[in-house]
Each structure stands twice: as structure tokens, then as C-alpha cells.
Amino acid sequence: MEILVCVKRVPDTAENEIEVAGDGSDIERDDLVYSVNEWDNYAVEEAIQIVDNAGGSVTVVSVGDEDAEEVVRREMAMGANNGILLSDDAFEGSDGKGLATLLKAAVDKGNYDLILTGALADDGAGQVGGMLAALLDVPYASVVNTIEVIDDKKLKVGREIEGGNQEMNEIDLPCVLSIQTGINEPRYVGIRGIRKVASVEIPVWGATDLGIAADSVGDAGARAKRVDYFVPDLGEGAEILEGSSDEMAEKLIELLKAKGGIK
Amino acid sequence: MAGQVFAYITHKAGKADDTALELVKAAGKIYPDAAVTAIVTGSGADLDALCNEMTASYKEVWKFDNDALAYPNAEAIRKLLVNVLPQDAVVFFGHDTFGMDLGPGLSIKLDSVFLPDVVDFEGLEGDSLKVIRQEYSGQVSTHVSCNISAGAVINVRPGVFQPDESGSAGGQVVDKSSEAGDLTVGRHFLEIVAAEVGDVDITKEDVLVSVGRGIEDQDNIEIANELAEAMGAVVSCSRPIVDAKWLEKPRQVGTSGQTVKPKVYLALGISGSFQHMGGLKGNPFIVAVNKNPKAPIFQVADVGVVDDLLEFVPVLTEKIQEGK
Ligand SMILES: Cc1cc2nc3c(=O)[nH]c(=O)nc-3n(C[C@H](O)[C@H](O)[C@H](O)COP(=O)(O)OP(=O)(O)OC[C@H]3O[C@@H](n4cnc5c(N)ncnc54)[C@H](O)[C@@H]3O)c2cc1C
Ligand SMILES: Nc1ncnc2c1ncn2[C@@H]1O[C@H](COP(=O)(O)O)[C@@H](O)[C@H]1O
């Protein structure tokens with residue numbers, strides 16, 4: 001099975017507090033720690049496990065600036081066989097459809113049986129996978145939390161729907177699946193793993209390599225445009241307790257007792 | 001004005017989802033005067049009653065009765081919608097696992113703009129629509145603007161718009177089943193596997209001590225266990241804790257976990273994403289402990305403690321034990 005996994009470099013929400021920069025044109029980027037989007041790690045792990053069982057290879061692809069190379073390399077350290085970076089000034093400011101258009105062009109240059117994305121990017125909206133499938137005209141399933149290879153034409157996939165129930169489907173290959181966290185336990189990548197792939201050449205494809213009209217993607221092609229960032233004023237919010245830990249704990253115990261929170 | 005306005009009605013076992021009536025209000029926010037058409041797909045006896053019910057809120061209800069639609073397979077429904085909708089349609093869905101499955105691909109096939117997980121509308125000026133979304137689990141909000149003259153697929157977040165309860169639309173059902181067209185797709189529904197049941201039922205508990213990623217390490221779960229024991233409460237959690245296998249799935253609160261209705265909910269190191277808060281019903285007294293004063297959970301909590309939970313929680317536990 002030839003598998004392509006789409007991975008995105010995002011500010012790591014487990015490591016950072018995301019704040020609006022002064023004028024609202026961006027988030028505060030100074031000192032941000034970036035990492036691979038959490039969901040994409042699960043997708044890469046799943047791809048590696050499928051290939052371990054069924055043979056084939058795993059390729060990871062990312063759209064981004066030169067810094068995105070580090071996430072491609074990290075996923076290769078995890079065990080992906082190949083990496084591709086889609087990078088061009090013209091790609092900057094792409095909306096979901098723009099990203100899907102670029103990823104489709106990359107898919108068309110290969111010969112993949114299965115394409116995986118994350119269910120959601122921390123700064124995204126769970127759209128790229130479904131758009132990519134529609135552009136490729138192949139079946140799609142979102143929030144997938146189990147994959148079973150039936151044969152080289154079919155998979156059995158579980159979608160995690162509301163309430164933690166699982167919707168089982170049979171889906172024809174090639175297809176696009178968006179992967180939900182928890183589907184597996186992504187392996188740890190140590191410094192040695194990173195070193196092993198440190199000098200691997202990662203091809204960088206721009207608009208011409210992909211045969212894409214520059215104005216169909218990026219800011220020029222984006223139909224949905226983010227105007228600004230802001231922090232909504234949602235009224236009162238919580239009563240924030242003050243004082244030392246001891247004082248806050250005492251106050252909280254009073255409140256909890258009053259509400260029946262301490263039995 | 002842009003094209004005709006539609007709302008897709010999700011339903012299960014003959015019952016419309018809460019979003020069915022929320023979409024009326026959502027659409028009304030940008031089209032105060034437009035007649036919104038409901039789309040109801042399915043198969044069999046339940047469908048007519050449901051369509052009739054929808055006429056209380058929608059002027060027109062398009063019914064599609066077809067064996068291939070017995071289970072809401074987003075792939076088949078996408079084909080149906082592409083077959084029957086005008087290309088410049090403005091279509092509303094709930095942003096749930098069905099809307100996430102369907103919306104992005106539909107927007108490509110209709111060649112219209114996609115607006116996922118919308119939490120509010122700022123307004124429509126001419127063809128230019130401005131909406132509010134959130135990023136990074138609600139840590140920041142954004143305005144997104146787009147031109148919807150060529151149509152739009154708009155997924156609105158469940159639960160943020162009030163349901164329409166006026167019941168005054170006096171609409172009519174139009175049976176469009178014959179227009180469905182070819183619905184063959186490459187994905188076939190097999191069955192639903194029900195969520196596993198655990199040794200505790202957090203849906204029945206009055207007091208929950210809930211841990212999130214802020215607990216940092218598996219060994220620290222013990223801190224929450226000790227607090228819960230002192231309070232006479234039960235431990236629940238957010239999704240990353242289950243993904244990491246630190247606690248069992250039946251303890252997960254949220255849209256893809258359990259819906260709980262406690263009287264008191266103590267959220268330790270939980271940021272307050274909508275998928276988590278979506279599982280918390282019945283207006284409990286919420287206490288949040290989080291070291292980030294700007295964590296979104298403080299906007300919905302009643303009481304907040306801005307502190308490192310690893311330091312604060314043991315102090316709290318000890319004080320409760322002392323008082324007993
Ligand atoms: C389809 C779908 C369904 C989902 N369903 C669910 C669901 O059912 N339930 C669910 O919970 N999530 C669900 N999610 C995931 C959800 O989007 C969030 O990723 C998740 O809720 C975040 O969990 P969290 O708040 O524990 O972690 P984070 O968002 O990482 O927040 C951790 C918080 O802990 C704080 N913190 C860190 N260290 C400390 C410390 N030492 N002391 C105090 N505070 C600290 C941080 O400031 C932060 O606010 C779903 C996602 C998708 C796409
Ligand atoms: N810039 C990108 N490069 C590669 N893949 C991406 C990119 N943006 C989004 N994706 C993929 O699409 C998924 C969903 O992202 P989103 O639709 O932005 O929430 C991610 O988990 C990735 O798999």
C-alpha cells in the first residue's frame with residue numbers, strides 16, 4: 001500500500017499560550033514553540049503500522065515555508081520513507097481549498113492507494129481532507145479511529161461519532177481518510193531518530209513543479225479570508241479567587257460546600 | 001442577494017437533532033426575511049412525521065425518501081445535494097461529525113465557499129459575509145470574510161444558536177424523492193458499534209473532578225484521585241487523557257465521550273474546547289483550575305483558580321481532609 005500523509009506545522013498548543021498580537025493582525029509569534037499538528041502524528045503512525053503489515057511505503061507531505069521542513073523530517077524520523085515539501089511564496093495565505101488544491105497536485109504526481117490527513121489542525125477547521133477527497137473524486141471518511149485492510153481494493157474503517165459510538169464503513173481504495181486522535185499510540189521520536197534522517201534530501205516543489213497557476217492558490221486564490229484575530233468579550237466570566245494557595249483553597253472549600261460539592 | 005437558503009436536518013430514530021431548530025436562528029441572523037428550506041433525507045415510516053414537525057419552523061421542507069438514505073452516509077447525501085441544489089445555494093449544517101464529513105467536499109462540488117465551525121455572524125453587506133470562528137481550541141477568535149454570491153456551505157457550531165421555538169412557519173412538505181438521482185458511492189455503512197461501558201458511570205454523578213492535559217503526567221492522576229476521594233466525587237477527564245490511555249474512555253466528557261449533568265464540575269488543567277464543554281449539560285457550578293489566566297474555560301466557569309494545579313490541588317485536598 002502506497003500511503004501519503006498530509007502533515008502541518010502548527011504552534012504547539014500544549015506548549016504555548018496563544019495570544020493575539022497587538023494590532024490583531026496575527027497571533028503573538030515571538031517565542032512560539034511549533035510542532036507537527038497533533039492529529040497528523042496519529043495519521044503518520046497509522047500509516048507506518050499499515051505498511052508494516054501490508055507492505056508499501058509512507059510519504060509525508062507538508063505545505064508551508066522552509067520551517068515546515070522540520071516537521072517533514074520529524075515524521076521521517078518516526079519511520080515515514082519519503083518526505084515532500086510544497087513551498088512557494090505564491091502558496092502563502094492559502095485557504096482550505098487552496099491547501100487542498102496544492103495537495104491534490106502532489107497526489108497527482110505520485111501513485112497513492114491511501115491518503116491520510118488529521119481530523120483537525122489546531123489553527124484549522126477540519127476541512128482540508130474532505131476538500132482533497134472531493135477534488136480527487138475519491139471516497140472520504142472523517143474522524144476515523146480504526147482502519148482494517150480488507151484487500152488491496154477495500155478498507156474497513158470506524159468513524160468516531162457523537163457519544164463515542166463508532167460508525168463502521170467499508171470504503172473503496174483509493175480514498176482519503178481524516179484521522180482522529182487515539183487511533184493508536186504514536187511512537188516516540190528520539191534524538192537518534194532525528195539524526196538518522198538529518199541529511200536526507202527533501203524535495204521542495206513550487207507552483208511550476210506542481211503545474212499550478214499561482215493565482216489559484218495562496219492569498220490571491222483564497223475566498224475565505226481571515227480578517228483579524230481578537231479575544232471576545234464574553235461578559236463576566238469566572239470569579240477569580242485571590243490570595244495564597246491556602247487562602248484560595250479555604251475560599252473554594254466554602255463555595256464547594258455551599259453547592260454540595262463536598263460530601 | 002445570494003441564492004436560495006437551505007438547512008440540512010440531521011435526525012436519528014425519528015427524532016430531529018437539536019441543530020434542526022438552531023439552524024433557523026443561525027440563518028435568520030444573516031437573512032432575517034428569507035424563507036429557509038429544510039432538507040430531510042431518510043427512508044421509511046418515520047420520515048413523514050419528521051417532515052411535518054419541521055414545517056413548524058421552515059416554510060418549505062424538501063423530503064427525500066430513498067433506501068440508499070436509510071443511514072445518513074455523508075458521501076451519498078453529498079451526491080444528492082449536488083444533484084438537487086442550485087449552484088449558488090447557501091446551505092447550513094451543524095458542525096458535528098456529520099457536518100464535518102459532508103461540508104468540505106460539498107463546497108468543492110458546488111464550487112462555493114466553505115465556512116466551518118461558525119460561532120456567530122457579524123453581518124452580510126451585499127454579497128460579503130463576515131463570520132466569527134475560533135482557533136486553537138477557542139484561545140483566540142477570528143473574523144473571516146468571504147463573498148457568497150456563488151453560494152456557500154456554512155457549518156455552524158452546535159449549541160451556540162438558540163433553537164427556534166416560535167413554531168409559526170406554517171410550512172409545507174414537498175416530496176422531492178424522484179429528483180434524488182444516482183446515489184451510488186464508494187463508501188458503505190455497515191453498523192454502529194456502541195461506546196464501551198466502564199466500571200463507573202460518570203453520567204450519573206453529582207460531583208466530578210475532571211482532569212485535562214494540564215495534569216502533565218500519568219503519575220499525577222493520583223492527585224486528582226485523592227481530591228475526588230476527599231470530596232466524595234468521581235474522576236472524569238478530557239480527551240487527551242483517554243488518548244494517552246491514562247484513563248478509560250467511559251470517563252471522557254465531551255461530544256465524542258459522555259454527556260454529563262453534574263451539580264458541581266471541577267475542571268483541572270482543561271482549556272475549555274467546545275468539544276469538551278459540549279458534553280457538560282444542566283448548568284453545573286463550574287470551578288476551573290488553570291495556570292493560564294486567559295484559558296477559555298474561565299469564560300464559562302463560575303469560579304476560577306489561576307495556579308499550577310500540581311501545587312494547588314494537593315493543598316486543597318489536604319484542607320478538605322483536615323476539615324473532616
Ligand atoms: C471530532 C472531535 C471530537 C472531540 N471530542 C472531544 C471530547 O469528547 N472531549 C474532549 O475533551 N475533547 C474532545 N476533542 C478534543 C478537543 O478539541 C481538545 O483538543 C481537547 O478538549 C483539549 O483537552 P484539554 O483541555 O485537556 O487540553 P488542552 O487544550 O491542551 O488544555 C490544557 C490546559 O491545561 C493548562 N495547564 C497546563 N499545565 C497546567 C498546570 N500545571 N496547572 C494548571 N493548568 C495547566 C493549560 O493552560 C491549558 O489550558 C475532540 C476533537 C474533535 C476534532
Ligand atoms: N499546510 C498543510 N500542509 C499539509 N497538510 C495540511 C496542511 N494544512 C492542513 N493539512 C492537513 O489537513 C488536516 C486538517 O487541517 P484543517 O482542515 O486545516 O483543520 C491536517 O491535519 C493535515 O493533515
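In what follows, chains are A, B, ... by sequence order, proteins preceding strands, each numbered from 1.
- Note on A:E19, A:Q127, A:K156, A:R223: by heavy-atom pairs under 4.5 Å with chain B, the leading option is A:R223.
- Using a 4.5 Å heavy-atom cutoff, the side chains of B:F114 and A:D95 are not in contact.
- Of the residues considered (A:V227, A:V10, A:I18, A:N165), A:I18 shows the highest number of contacts with chain B, using heavy-atom pairs under 4.5 Å.
- Distance check, rounded to the nearest 0.5 Å: CD of A:E167 to CG of B:L190 gives 9.0 Å.
- Both the backbone and the side chain of B:F189 come within contact range of chain A, judged by heavy atoms closer than 4.5 Å.
- With a 6.0 Å radius and a threshold of 12 heavy atoms from other residues, nucleotides or ligands, B:E248 has its CD atom at or below the threshold.
- Taking the side chain as every heavy atom from C-beta outward, B:Y136 and A:D123 approach each other to under 4.5 Å.
- Residue contact with chain B, scored on non-hydrogen atoms closer than 4.5 Å, is absent for A:L155.
- The side-chain heavy atoms of A:V128 and B:P104, taken from C-beta on, include no pair separated by under 4.5 Å.
- In this structure, the portions of B:E191 lying under 4.5 Å from any heavy atom of chain A include both its backbone and its side chain.
- At a 4.5 Å heavy-atom cutoff, the contact between B:S107 and chain A is made by side-chain atoms alone.
- For the set A:L252, A:D228, A:V138, the count of heavy-atom pairs under 4.5 angstrom toward chain B peaks at A:D228.
- In this structure, chain A has no heavy atom under 4.5 Å from any part of B:D17.
- For chain A, the nearby part of B:V287 is the side chain; its heavy atoms alone come within less than 4.5 Å.
- Options B:K249, B:K130, B:E318 differ in how many heavy-atom pairs under 4.5 Å they form with chain A, and the most are formed by B:K249.
- Side-chain contact between A:E162 and B:S256: absent, with no pair of heavy atoms (C-beta onward) separated by less than 4.5 Å.
- Counting only heavy atoms from C-beta outward, the side chains of A:I240 and B:F298 approach each other to under 4.5 Å.
- With chain B as partner, the option from A:K257, A:E170, A:M248 having the largest number of non-hydrogen pairs under 4.5 angstrom is A:E170.
- Counting heavy atoms from C-beta outward, A:K97 and B:I108 have side chains that approach closer than 4.5 Å.
- In this structure, the portion of A:A119 lying under 4.5 Å from any heavy atom of chain B is its backbone and not its side chain.
- Per-residue counts of heavy-atom pairs under 4.5 Å with chain A were compared for B:V264, B:V207, B:T142; the largest is that of B:T142.
- With salt bridges taken as basic N to acidic carboxylate O contacts below 4.0 Å, none links A:E17 and B:K294.
- Heavy-atom distances place the side chain of B:Y71, and not its backbone, under 4.5 Å from chain A.
- One distance of note links CG of A:D246 with NZ of B:K319; it measures 4.0 Å at 0.5 Å rounding.
- For B:R187 (side chain) and A:N169 (main-chain N/O), no donor-acceptor pair under 3.5 Å exists by modelled atom type.
- A donor-acceptor pair is defined here as one N or O able to donate and one able to accept, closer than 3.5 Å; no such pair exists between the side chain of B:D302 and the backbone of A:A238.
- Considering CD of B:Q139 and CG of A:N16, their distance stands at 8.5 Å, rounded to 0.5 Å.
- In terms of heavy-atom pairs under 4.5 angstrom with chain A, the leader among B:G186, B:G105, B:A195 is B:G186.
- Only the side chain of A:I27 has a heavy atom closer than 4.5 Å to any heavy atom of chain B.
- Salt-bridge formation is detected for the pair A:E160/B:R239: a Lys NZ or Arg NE/NH1/NH2 atom is positioned less than 4.0 Å from an Asp or Glu carboxylate oxygen.
- Atom-to-atom distance recorded for B:S128:OG and A:K225:NZ is 11.5 Å, nearest 0.5 angstrom.
- Heavy-atom pairs under 4.5 Å with chain A were tallied for B:K263, B:M231, B:R78; the largest tally goes to B:M231.
- Contacts between B:L106 and chain A at a heavy-atom distance below 4.5 Å are absent for every atom of the residue.
- By the neighbour-count criterion of 12 heavy atoms within 6.0 Å, atom CD of B:E122 is densely surrounded, having more than that number from other residues, nucleotides or ligands.
- Each of A:G163, A:A224, A:G126 has some count of heavy-atom pairs under 4.5 Å with chain B, and the biggest count is that of A:G163.
- Side-chain contact between B:D206 and A:K259: absent, with no pair of heavy atoms (C-beta onward) separated by less than 4.5 Å.
- With rounding to the nearest 0.5 Å, the separation of OG in B:S273 from CG in A:D122 is 10.5 Å.
- Rounded to the nearest 0.5 angstrom, B:L316 CG and A:S245 OG are separated by 10.0 Å.
- Of the possible donor and acceptor atoms, none in the side chain of A:K263 sits under 3.5 Å from a partner among the backbone N and O of B:A233.
- Note on B:P250, B:P293, B:A301: by heavy-atom pairs under 4.5 Å with chain A, the leading option is B:A301.
- When heavy atoms are compared at a cutoff of 4.5 Å, B:Q275 approaches chain A solely by way of its side chain, counted from C-beta outward.
- When A:I161, A:L255, A:L135 are compared by the number of non-hydrogen pairs under 4.5 Å with chain B, A:I161 comes out ahead.
- No donor-acceptor pair closer than 3.5 Å links the side chain of B:D117 to the backbone N or O of A:A125.
- Using a distance-only test at 3.5 Å, with no hydrogens or angles considered, no donor-acceptor pair links the side chain of A:Q166 to the main chain of B:I192.
- The shortest side-chain heavy-atom distance between B:I320 and A:I253 falls under the 4.5 Å cut-off.
- Proximity to chain A (any heavy atom under 4.5 Å) is shown, for B:D96, by both the backbone and the side chain.
- Counting heavy-atom pairs under 4.5 Å between each of B:H95, B:R133, B:Q252, B:H188 and chain A puts B:H188 at the top.
- Contact of A:V143 with chain B is made through the side chain alone, with heavy-atom distances under 4.5 Å.
- Without hydrogens or angle criteria, A:R159 side chain to B:T97 main chain gives a donor-acceptor distance under 3.5 Å.
- Within a 6.0 Å sphere centred on CG of B:D217, other residues, nucleotides and ligands contribute more than 12 heavy atoms.
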